Number of protein chains: 2
Amino acid sequence: MLSNSSKYALKAVLFLALHANENNKMMVKDISERINVPKAYIAKLLQELSKRRILSSTKGPKGGFYINEANKNQPIMKIIDIIDGKKRIESCALSLEDCNEHIPCPLHALINPSRSKMIALLESKTINDLAMDLKLNKAFLPV
Amino acid sequence: MLSNSSKYALKAVLFLALHANENNKMMVKDISERINVPKAYIAKLLQELSKRRILSSTKGPKGGFYINEANKNQPIMKIIDIIDGKKRIESCALSLEDCNEHIPCPLHALINPSRSKMIALLESKTINDLAMDLKLNKAFLPV
DNA sequence: TCTTAAATATGATTAATATCATGTTTTTAT
DNA sequence: ATAAAAACATGATATTAATCATATTTAAGA
């Protein structure tokens with residue numbers, strides 16, 4: 001469903017939401033170690049998220065990444081969209097180009113209700129929502 | 001969610017369920033054309049499904065593939081399992097090894113109810129169920 | 001202003017999927 | 001028996017996703 005890249009990106013973003021802020025930026029190296037994703041790999045993803053303004057960053061000493069309060073209110077789907085594109089998660093289960101409610105593929109009725117629900121949740125739940133779950137030990141992100 | 005291979009396999013199996021039987025076997029060439037999947041590719045998948053006894057086949061003139069009545073009652077998930085393995089569809093949304101109800105990953109609560117539902121349906125709906133939907137024009141498989 | 005520490009840009013490599021190709025075996029019909 | 005028609009087995013190639021590497025740019029602090 002999600003690419004590795006999206007999974008990694010999500011982990012990094014949630015980690016930043018919990019542990020970084022403008023006065024306490026996080027370096028790639030530390031993020032990488034704490035979320036257990038190869039440094040060079042997560043670096044590239046962080047750079048992309050930063051370029052797309054969902055994360056903030058500064059170069060040089062004391063530099064690093066963080067996510068500002070406004071962006072914490074972005075939906076989870078935003079990250080997935082930036083990294084994977086919405087198409088990946090939304091396209092027909094059998095990859096039929098013009099599958100829809102009126103011309104459903106054989107899997108449509110089985111899959112779509114569940115998937116629509118899932119997508120709606122990814123679009124309504126924010127980064128902050130999930131970060132809060134982590135903070136309150138309602139969810140876990142083991143390394 | 002599903003690999004291309006699983007999607008192709010499913011299309012082929014449903015096509016056979018509708019259009020082939022022991023007295024009217026279907027050749028790779030015809031299957032390939034009717035479901036719009038490259039011949040050499042679908043051939044390999046059909047051979048695998050045949051080896052795993054979910055499809056039947058005979059060699060030589062008048063040979064080809066079909067699916068017997070018993071196998072039409074196999075769940076959709078069987079095909080997916082043979083081609084992709086169950087793990088692919090069942091593993092944690094963030095690929096955390098030990099994500100479960102007690103130690104849920106941050107996406108678990110969002111994703112799992114929907115996904116469990118989906119998996120349950122793939123395990124309960126049979127090949128024949130979906131073939132009937134096609135027959136009754138409740139679903140479509142455009143090429 | 002120089003050094004150092006960080007992100008950034010870019011591209012190379014590796015691994016996994018997807019796709020293609022072909023010689024071998026089996027079966028049917030002549 | 002033999003020829004032809006089909007699946008079968010095996011492996012090669014191509015494409016995409018995942019991972020790694022590094023030179024460049026920017027900012028901080030001495």
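Here the structure is a predicted model, which means the values were calculated and not measured. Chain A is the first sequence line, chain B the second, and so forth, proteins listed ahead of strands; every chain is numbered from 1.
As a whole-Å value, the separation of Leu49(A) CG from dA7(C) C1' is 14 Å. Separating the CG atom of Asp30(A) from the P atom of dA5(C) is a distance of 14 Å, rounded to the nearest angstrom. Protein atom CE of Met27(A) is 10 Å distant from nucleotide atom P of dA5(C), rounded to whole Å. Between the CZ atom of Phe65(B) and the P atom of dT27(C) there is a distance of 14 Å, given to the nearest Å. Atom C1' of nucleotide dT17(C) and atom CD1 of Ile42(B) are separated by 15 Å, given to the nearest angstrom. In this structure, CD1 of Ile67(B) is placed 16 Å from P of dA7(D), rounded to the nearest angstrom. Distance CE (Met1(B)) to P (dT17(C)): 16 Å, rounded to an integer number of Å. We find that CG of Leu46(B) is positioned 12 Å from C1' of dC8(D), with the value rounded to whole Å.
Of the N and O atoms on the side chains of Ser3(A) and Asp84(A), at least one donor lies less than 3.5 Å from an acceptor on the other residue. Residues Ser95(B) and Lys7(A) have side chains that bring a donor and an acceptor to within less than 3.5 angstrom of each other. A donor-acceptor pair shorter than 3.5 Å can be found between the side chains of Tyr41(A) and Ser5(A). Checked by atom type, the side-chain pair Ser114(A)/Ser114(B) shows no donor-acceptor distance below 3.5 Å.
A donor-acceptor pair under 3.5 Å is absent between the side-chain atoms of Asp133(A) and the main chain of Lys138(A), judged by distance alone. Using modelled atom types, one side-chain atom of Asp81(B) and one backbone atom of Lys86(B) make a donor-acceptor pair closer than 3.5 Å.
Taking a 6.0 Å sphere around NZ of Lys25(A), one finds it holds more than 12 heavy atoms contributed by other residues, nucleotides or ligands.
For Lys72(A), the side chain to side chain contact (heavy atoms under 4.5 Å, CB included) criterion is met by Ala17(A), Ile67(A), Glu69(A), Asn128(A), not counting sequence neighbours.
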Inset, instruction - Any chance you could list the contact pattern along nucleotides 23-30 of chain D? Use B for base contacts, S for sugar-phosphate-only contacts and - for none, protein heavy atoms under 4.0 Å, 5' to 3'. - result: --BBBBS-
Inset, instruction - Treat primed atoms plus P, OP1 and OP2 as sugar-phosphate and everything else as base, then score nucleotides 10-20 of chain D 5' to 3': B for base contact with protein heavy atoms under 4.0 Å, S for sugar-phosphate contact only, - for none. - result: BBB-----SBB
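Glu33(B) has a carboxylate O that lies under 4.0 Å from a charged side-chain N of Lys29(B), or vice versa, which qualifies the two as a salt bridge.
Residue Ser50(A) places at least one side-chain N or O closer than 4.0 Å to OP1 or OP2 of dT8(C).
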